[in-house]
Participant: 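Attaching a single structure in structure tokens format; questions to follow.
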Amino acid sequence: MEHKRAKRSRKRLPKRSKSETPSHTSDAHSTENVQVVVRCRPLNKKEMKTKMNCVVKCDEESGTIDVDNTSNFSKHYFFDTVYGPTASQRDIYHGTVTPIVEEVL
């Protein structure tokens, strides 16, 4: 028995002008505050077993990440907060989520 997928009609919404775009800010806050937080993971077991090199270097104090590859590729990125491979889930929660929750409540 052959199953046929029903075609769904997809309606495209008209593009909004900047004045029509919601700002998601309340009257009490006139500016939006977005912070970018990055967590670098350690090499997994498969990567360690195959003796892969870690190409990402995290500097938690300066909030930077360097990506160095052996093929002459090097990038330097800046973030509001960087957590290295030794950071625990608890560290990230307390450093990132707790301040947001406290501000809202």
Participant: Side chains of Val37 and Phe79: does their closest heavy-atom pair fall under 4.5 Å?
Facilitator: no

Participant: Kindly compute the distance separating CD1 (Ile65) from CZ (Phe78), expressed to the nearest 0.5 Å.
Facilitator: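 Between Ile65 CD1 and Phe78 CZ, I get 11.5 Å after rounding to 0.5 Å.
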
Participant: Let me confirm one number: the CG-CZ distance from Asp91 to Arg39, rounded to the nearest 0.5 Å.
Facilitator: 8.5 Å

Participant: Which atom pair, heavy atoms only, marks the closest approach of Gly84 to Glu60?
Facilitator: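 Closest approach of Gly84 to Glu60, heavy atoms only: N-OE2, 2.7 Å.
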
Participant: Out of curiosity, does Tyr93 fall in the hydrophobic cluster containing Leu105 (side-chain heavy atoms, cut-off under 4.5 Å, transitive links)?
Facilitator: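 Yes; Tyr93 is reachable from Leu105 via cluster members.
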
Participant: Output yes when a side-chain donor or acceptor of Glu47 lies under 3.5 Å from a complementary backbone atom of Met52, and no otherwise.
Facilitator: no

Participant: Check step by step if side chain to side chain contact (heavy atoms under 4.5 Å, CB included) holds for Val82 and Thr64.
Facilitator: CA-CA 7 Å; Val82 172; Thr64 59; 5.9 Å; no

Participant: Where do Arg41 and Pro85 come nearest, in terms of heavy atoms and distance?
Facilitator: C-CB, 3.9 Å

Participant: Do Val38 and Val55 belong together in a cluster built from hydrophobic side chains that touch within less than 4.5 Å?
Facilitator: yes

Participant: How many angstroms lie between CG in Asp68 and NZ in Lys57, if you round to the nearest 0.5 Å?
Facilitator: 5.0 Å

Participant: Would you name the heavy atoms of Gly95 and Tyr83 that are closest together and state the gap between them?
Facilitator: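 Where Gly95 meets Tyr83 most closely, the heavy atoms are CA-OH, 3.4 Å.
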
Participant: Okay, side chain of Asp80, backbone of Val36: is any donor-acceptor separation there less than 3.5 Å?
Facilitator: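 Yes.
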
